[in-house]
Amino acid sequence: MRAEWDSVLEKVLMQPDQQSLIVLFELLLTEEERSAVAGRLKVFQMLLQGEMSQRQIAQEFQISIATITRCSNYLKHMPESQRAEIKQLIMT
């Protein structure tokens, strides 16, 4: 399965502009899947900011507590160096 994911990443990286990426993601992901990805990104950003509780994030962005808990647990179990790297990637 890794080879297939690498192929997807290659296609994403080959796109010359935002409009091409939009077309590609609309082809590959349903509206619900795109919304889930966007929601998960927002959860990670909010958790890394540390300014809101999980319950507040759920209420503010209409994201399930289960999703927020999964994201939180993922962050808690990673090395601090990786967490800092992820923060750099998604907070800028």
Side-chain angles (χ1 to χ4, degrees):
M1 190 58 108
R2 179 67 187 180
E4 289 91 2
W5 180 244
D6 287 346
S7 175
V8 171
L9 293 178
E10 285 176 25
K11 295 294 183 208
V12 169
L13 291 171
M14 288 174 44
Q15 301 312 305
D17 55 37
Q18 184 176 359
Q19 185 58 40
S20 297
L21 280 170
I22 290 169
V23 170
L24 180 62
F25 283 126
E26 286 178 346
L27 173 70
L28 298 175
L29 303 170
T30 66
E31 177 62 35
E32 187 175 312
E33 290 166 333
R34 292 189 305 270
S35 179
V37 169
R40 186 165 287 194
L41 177 61
K42 179 54 77 178
V43 168
F44 278 119
Q45 289 169 329
M46 300 309 295
L47 289 171
L48 288 168
Q49 279 182 342
E51 297 173 2
M52 297 174 77
S53 71
Q54 290 185 19
R55 197 166 303 284
Q56 289 172 316
I57 294 169
Q59 290 174 345
E60 177 81 18
F61 300 102
Q62 281 90 44
I63 298 171
S64 75
I65 288 290
T67 295
I68 296 167
T69 300
R70 280 191 297 275
C71 293
S72 177
N73 287 338
Y74 184 74
L75 289 172
K76 286 177 188 175
H77 292 99
M78 70 174 50
E80 186 58 39
S81 60
Q82 185 180 9
R83 189 176 174 146
E85 185 178 344
I86 288 173
K87 191 171 186 176
Q88 175 86 20
L89 287 172
I90 67 172
M91 300 300 281
T92 55

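In this text, all values refer to a predicted model and were calculated from it rather than measured experimentally.
- Counting heavy atoms of neighbouring residues, nucleotides and ligands inside a 6.0 Å radius, atom OH of Y74 does not exceed 12 of them.
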| message | Applying side-chain contact (heavy atoms from CB on, under 4.5 Å) to D17 and S20, what does each step give before you reach the verdict? | response | CA-CA 5 Å; D17 55 37; S20 297; 2.8 Å; yes
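- The shortest side-chain heavy-atom distance between Q54 and L47 falls under the 4.5 Å cut-off.
- Side chain of S72 to backbone of I68: no donor-acceptor contact under 3.5 angstrom is found.
- Looking at K11 and V8, their side chains never come closer than 4.5 Å, going by heavy atoms from C-beta outward.
- Closest non-hydrogen pair, E33 versus L28, comes out as OE1-O, 4.0 Å.
- The two atoms that bring C71 and V43 nearest to each other are CB-CG1, 3.6 Å, heavy atoms only.
- Interatomic distance, CG of L24 versus CE of M14, reported as 10.0 Å (0.5 Å rounding).
- In this structure, L13 is not a member of the same hydrophobic cluster as F25, with clusters built from ILVMFWY side-chain heavy atoms closer than 4.5 Å.
- Note on V37: it does not cluster hydrophobically with I63, by side-chain heavy-atom contacts below 4.5 Å among ILVMFWY residues.
- The distance from atom CD of E31 to atom CD of E26, rounded to the nearest 0.5 Å, is 8.0 Å.
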| task | Could you walk me through whether E51 and M46 pass side-chain contact (heavy atoms from CB on, under 4.5 Å), step by step? | result | CA-CA 7 Å; E51 297 173 2; M46 300 309 295; 5.9 Å; no
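- When the side chains of ILVMFWY residues are joined at heavy-atom separations under 4.5 Å, either directly or via intervening members, L29 and V12 end up in a single hydrophobic cluster.
- Applying the 6.0 Å contact sphere to CD of E85 captures no more than 12 heavy atoms from other residues, nucleotides or ligands.
- Connection of L27 to V23 is not established within any shared hydrophobic cluster, with ILVMFWY side chains joined at heavy-atom distances below 4.5 Å, either directly or through further cluster members.
- Under the 4.5 Å side-chain heavy-atom criterion for grouping Ile, Leu, Val, Met, Phe, Trp and Tyr, L41 is not connected to L21 through any hydrophobic cluster.
- Atom CD of Q45 sits about 9.0 Å away from atom CZ of F61, to the nearest 0.5 Å.
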Please report, to 0.1 Å, the donor-acceptor pairs under 3.5 Å made by any side chain of residues 76-84, with sequence neighbours excluded.
from: H77; atom 1: ND1; to: N73; atom 2: O; distance (Å): 2.7

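- Considering CG of L89 and CG of L48, their distance stands at 10.5 Å, rounded to 0.5 Å.
- Distance OG/S35 to NZ/K42: 13.0 Å, rounded to 0.5 Å.
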